[in-house]
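Structure first, commentary second.
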Number of protein chains: 4
Amino acid sequence: MRHEKVDLIFQAAVQIFSDRGFDQAKMDEIAQAAGVAKGTIYYHFDSKEDLFVGLMNEGLSQLTQYVERNLEGAFTASDQLYAIIEAHVQFFVENGKLAKLLLNEAFDTQERQLQFRAKVRNYISVIDQVIQTGVRNGEFEVKHSQELAVALFGAASVMVLHKIYAHDIDKQEELQAQTPAILSTLEMIMKNVIKMK
Amino acid sequence: MRHEKVDLIFQAAVQIFSDRGFDQAKMDEIAQAAGVAKGTIYYHFDSKEDLFVGLMNEGLSQLTQYVERNLEGAFTASDQLYAIIEAHVQFFVENGKLAKLLLNEAFDTQERQLQFRAKVRNYISVIDQVIQTGVRNGEFEVKHSQELAVALFGAASVMVLHKIYAHDIDKQEELQAQTPAILSTLEMIMKNVIKMK
Amino acid sequence: MRHEKVDLIFQAAVQIFSDRGFDQAKMDEIAQAAGVAKGTIYYHFDSKEDLFVGLMNEGLSQLTQYVERNLEGAFTASDQLYAIIEAHVQFFVENGKLAKLLLNEAFDTQERQLQFRAKVRNYISVIDQVIQTGVRNGEFEVKHSQELAVALFGAASVMVLHKIYAHDIDKQEELQAQTPAILSTLEMIMKNVIKMK
Amino acid sequence: MRHEKVDLIFQAAVQIFSDRGFDQAKMDEIAQAAGVAKGTIYYHFDSKEDLFVGLMNEGLSQLTQYVERNLEGAFTASDQLYAIIEAHVQFFVENGKLAKLLLNEAFDTQERQLQFRAKVRNYISVIDQVIQTGVRNGEFEVKHSQELAVALFGAASVMVLHKIYAHDIDKQEELQAQTPAILSTLEMIMKNVIKMK
DNA sequence: AATGAATGAGGTTTCATTCAT
DNA sequence: TATGAATGAAACCTCATTCAT
């Protein structure tokens with residue numbers, strides 16, 4: 001395929017950026033991990049930042065697709081809310097490196113993340129809208145829909161991160177084993193807070 | 001009392017580290033903001049990392065004290081749980097820069113945060129223990145106490161961060177005005193999840 | 001006839017080298033301006049330097065031909081001297097980009113220009129010989145013929161360059177309008193210095 | 001003194017920039033020639049360009065002072081004109097490296113020289129004004145004063161450059177020996193063109 | 001205790017050149 | 001002949017740290 005090298009670079013970049021963070025990641029290291037020459041990265045990307053931004057957008061877009069796929073067939077607001085949160089948790093558990101990357105940078109400070117944080121806010125507002133729909137059609141009873149959306153996003157994300165740091169990020173089975181406890185806790189929150197009539 | 005210059009350095013360091021993150025923060029900048037010569041920082045701290053770790057410990061210790069003060073007079077587990085979460089939110093709203101710093105680095109990747117993340121885990125386990133006490137003495141009914149502790153920590157922290165990024169971090173009044181909605185949402189979660197008999 | 005692509009490359013190279021100088025000119029840019037792939041340049045030229053040297057020789061050779069054409073029908077030494085200087089000025093005014101290129105590099109420092117500076121010296125020595133002939137056959141009375149040759153070359157060249165920098169190099173009419181003042185000044189110098197009996 | 005290192009850097013930079021030109025000059029090389037660390041250059045100068053511009057301004061300012069000193073005691077316009085040209089030639093012969101640097105860059109193309117070329121134009125306009133004064137008070141009879149000023153500047157400069165390239169730039173005596181022929185030629189031009197009544 | 005000039009290892013980026021197609 | 005993706009040496013610049021004063 002045409003973009004064979006680009007794929008190699010992307011894969012290596014997720015690893016390195018996730019392990020080291022943006023600043024500590026060295027282009028040399030990414031090039032070596034990708035098995036290409038340093039110049040090859042610069043042939044395909046304008047700069048370290050360009051590569052990074054490309055990666056974040058790619059990651060967020062994968063997450064969004066993952067969530068949307070899980071939303072198919074969920075028609076009530078409560079089904080939709082659960083589908084989103086479930087997909088969110090599962091995606092992050094399955095893609096630990098990407099999860100670290102997305103969440104670290106979601107809360108970081110740099111100019112470079114402005115655009116990215118806007119997209120995260122947008123992602124959260126989708127949750128918000130589902131909650132608002134539920135309120136409007138009488139499924140839910142919630143005062144601060146936006147705050148709740150953020151709370152769910154935060155609770156789910158931080159729980160996964162906490163597990164990632166507690167376990168070895170590369171041991172998929174161990175991480176997967178944690179999913180039920182996480183989802184069960186989130187389900188409790190949703191079931192009760194969202195006072196179903 | 002701590003040396004005058006050390007205080008100046010600490011104050012400047014919180015600002016700069018919070019604004020730029022560890023890697024992007026320059027010792028030059030901190031020195032200038034503190035109004036001391038660069039060499040003076042190195043007279044009082046071994047390295048950039050030493051300064052940073054000192055700052056994080058200081059911040060975490062302030063948070064802990066703030067929480068402990070709010071715990072005085074709370075004797076039931078549910079009062080204690082609420083007191084912790086309330087103090088947590090209030091401290092972070094009142095100390096936005098420190099909040100950014102603590103939370104960014106709490107989720108970061110570097111070696112340098114190993115020690116710090118251990119302390120965060122410890123902080124969370126205090127919440128966990130209150131929940132477990134509540135369960136043991138019949139106040140609460142919870143399956144996964146640790147997950148719940150993390151969920152509360154995550155929900156509270158991310159809500160504050162979200163507000164910080166949405167508003168101007170330096171406008172205290174605006175941020176303070178957000179506290180009730182945050183606390184109200186957390187209260188709902190606690191009240192319902194923790195099924196009081 | 002020369003290969004079509006080679007012409008395209010030459011034309012583009014004059015533009016780029018003249019605008020940016022040797023070091024700042026990029027092969028990418030030349031290729032793009034020529035509408036060929038970068039590899040194509042390397043198919044026809046061994047290196048950037050090879051292309052550059054080819055260009056300079058081409059330019060100098062055009063100048064020489066231009067001068068020789070203007071010399072036809074000039075039989076006295078003073079007619080010849082004036083014909084050379086006039087052609088020199090006119091050629092440079094008509095080929096501003098080439099003028100910049102030739103004169104910049106004529107005064108530059110690099111190894112790569114050794115060969116080229118030799119040709120410039122040769123060009124100047126033609127002027128010198130005309131002056132010497134004029135002295136020998138009694139037309140002129142000059143002490144330092146070589147110095148005078150260089151002075152005329154320098155005065156003529158720098159005057160054109162000065163006009164090129166003062167005006168927009170691409171506005172031919174503006175530049176052409178400057179020619180009379182330049183030639184008139186040079187004529188005065190020649191008429192008086194070369195004391196005609 | 002305070003600026004000991006700055007002086008060392010300046011001296012080294014003249015050598016290297018003059019020998020290699022701006023683009024081929026390496027900061028490493030300048031640092032080594034100056035006997036300081038690379039970082040030291042960047043402690044005192046913002047960039048390679050900053051160093052270069054500083055050098056050019058310094059050089060032009062030395063030239064100007066040299067000329068002004070030679071102008072003292074020259075009261076007629078013709079004395080002044082000769083004093084300027086004489087100082088110009090002598091300064092360049094005595095400071096060969098600087099001469100190469102100033103003249104190469106005076107005719108170069110880059111953005112970075114815009115400011116510098118403006119100063120050169122200013123320098124030339126001083127010559128122009130002397131000529132105009134001479135015309136006004138009846139000493140001279142000249143049609144195109146500006147063109148003549150440029151012609152004199154160009155003739156003088158190129159003659160010196162020509163000698164510099166023909167001889168070894170470091171052999172002061174050889175170069176000095178060339179001065180009379182250069183000045184004699186320029187004197188002839190001035191004496192005759194500027195028709196004294 | 002405090003200073004700030006000096007250092008140099010290390011990182012990002014550029015770009016002439018190559019070569020498989 | 002022509003292409004353009006790939007290469008990697010080399011250059012500029014940064015900045016934590018040191019140390020003489």
Side-chain angles (χ1 to χ4, degrees), chain A residues 2-6 8-9 23-32 34-51, chain B residues 3-6 9 22-32 34-52, chain C residues 3-6 9 22-32 34-52, chain D residues 2-6 8-9 23-32 34-51:
Chain A
R2 246 265 213 65
H3 292 304
E4 182 204 356
K5 303 270 172 178
V6 173
L8 289 174
I9 293 167
D23 285 296
Q24 293 293 336
K26 293 173 233 162
M27 294 302 264
D28 272 308
E29 217 177 350
I30 295 174
Q32 192 173 23
V36 303
K38 212 184 330 181
T40 307
I41 303 183
Y42 282 93
Y43 184 76
H44 292 287
F45 299 90
D46 284 344
S47 64
K48 186 180 183 182
E49 188 158 329
D50 187 40
L51 171 58
Chain B
H3 197 287
E4 176 209 2
K5 301 267 172 179
V6 173
I9 293 168
F22 181 82
D23 284 297
Q24 293 290 337
K26 295 178 223 164
M27 295 301 266
D28 273 302
E29 221 177 348
I30 295 173
Q32 192 175 21
V36 303
K38 208 181 347 175
T40 308
I41 302 184
Y42 282 91
Y43 183 79
H44 292 287
F45 299 90
D46 284 345
S47 65
K48 185 181 183 180
E49 188 157 328
D50 187 38
L51 170 59
F52 182 78
Chain C
H3 195 289
E4 175 209 4
K5 302 264 173 181
V6 172
I9 293 168
F22 181 82
D23 285 297
Q24 293 290 337
K26 295 178 222 164
M27 293 301 266
D28 273 302
E29 221 176 347
I30 294 173
Q32 193 175 21
V36 303
K38 209 182 345 178
T40 308
I41 301 183
Y42 281 91
Y43 183 78
H44 292 287
F45 299 89
D46 285 344
S47 65
K48 186 182 183 181
E49 189 158 328
D50 187 38
L51 170 59
F52 182 78
Chain D
R2 246 262 214 67
H3 292 305
E4 179 204 357
K5 303 269 172 179
V6 173
L8 290 173
I9 293 167
D23 285 295
Q24 294 292 336
K26 295 173 231 161
M27 292 302 263
D28 273 308
E29 216 177 352
I30 295 174
Q32 193 174 22
V36 304
K38 209 186 332 181
T40 306
I41 302 183
Y42 283 94
Y43 185 77
H44 292 288
F45 300 90
D46 284 344
S47 64
K48 186 181 181 180
E49 187 157 331
D50 187 39
L51 171 59

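Note that these values count all heavy atoms, side chains included, but never hydrogens, waters or copies made by symmetry. These numbers come from a predicted model, not from an experiment.
The 5' end of DNA chain E is approached more closely, in terms of each residue's nearest nucleotide, by Val36(B) than by the other of Val36(D) and Val36(B). Projected onto DNA chain F by closest heavy-atom contact, Lys26(B) and Ala37(C) fall at different nucleotides, the more 5' of which corresponds to Ala37(C).
Residues passing the side chain to side chain donor-acceptor pair (under 3.5 Å) test with Gln24(D), sequence neighbours excluded: Asp23(C). Every residue meeting the side chain to side chain donor-acceptor pair (under 3.5 Å) condition with Lys38(A), not counting sequence neighbours, appears here in chain and number order: Asp28(A). Looking at residues two or more places apart in sequence or on another chain, you find a side-chain contact (heavy atoms from CB on, under 4.5 Å) between Ala25(C) and Ile16(C), Phe17(C), Arg20(C). Every residue two or more places apart in sequence or in another chain that forms a ring-ring contact (aromatic ring centres under 6.0 Å, His included) with Phe45(A) is listed here: Phe10(A).
One can place CD of Gln24(A) at 12 Å from C1' of dA16(F), the figure rounded to the nearest angstrom. Regarding Ile41(D), its CD1 atom lies at a distance of 13 Å from the C1' atom of dA11(F), rounded to whole Å. Residue Phe45(B) contributes atom CZ, which lies 15 Å from atom C1' of dA2(E) at whole-angstrom precision. For the pair Glu29(B) CD and dT14(F) P, the interatomic distance rounds to 13 Å; values are reported in whole Å. Distance, Leu51(A) CG to dT12(E) P: 11 Å, rounded to whole Å. For the pair Ile30(C) CD1 and dA16(E) P, the interatomic distance rounds to 8 Å; values are reported in whole Å.
Atom-to-atom distance recorded for Lys48(C):NZ and Tyr42(C):OH is 8.0 Å, nearest 0.5 angstrom. Note that the OH atom of Tyr43(B) and the CD1 atom of Ile9(B) stand 11.5 Å from one another [nearest 0.5 Å].
Ring geometry for His3(C) against His44(C) counts as tilted: the plane angle lies between 30° and 60°, on a 0 to 90° scale.
Using a 4.0 Å heavy-atom cutoff across all strands shown, Ala25(B) reaches sugar-phosphate atoms only and no base atom.
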Protein and nucleotides 17-21 of chain E: nitrogen or oxygen contacts under 3.5 angstrom:
unit_1	atom_1	unit_2	atom_2	d
dT17(E)	OP2	Tyr42(C)	OH	2.8
dT17(E)	OP2	Lys48(C)	N	2.8
dT17(E)	O4	Lys38(C)	NZ	2.8

Whenever both distances are under 3.5 Å in a Watson-Crick or G-U wobble pair, mark it; put DNA chain E into dot-bracket that way, with [ ] for crossing pairs and | when the partner is on another strand.
.||||||||||||||||||||
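OP1 or OP2 of dA2(F) lies within a sub-4.0 Å distance of a side-chain N or O belonging to His3(C).
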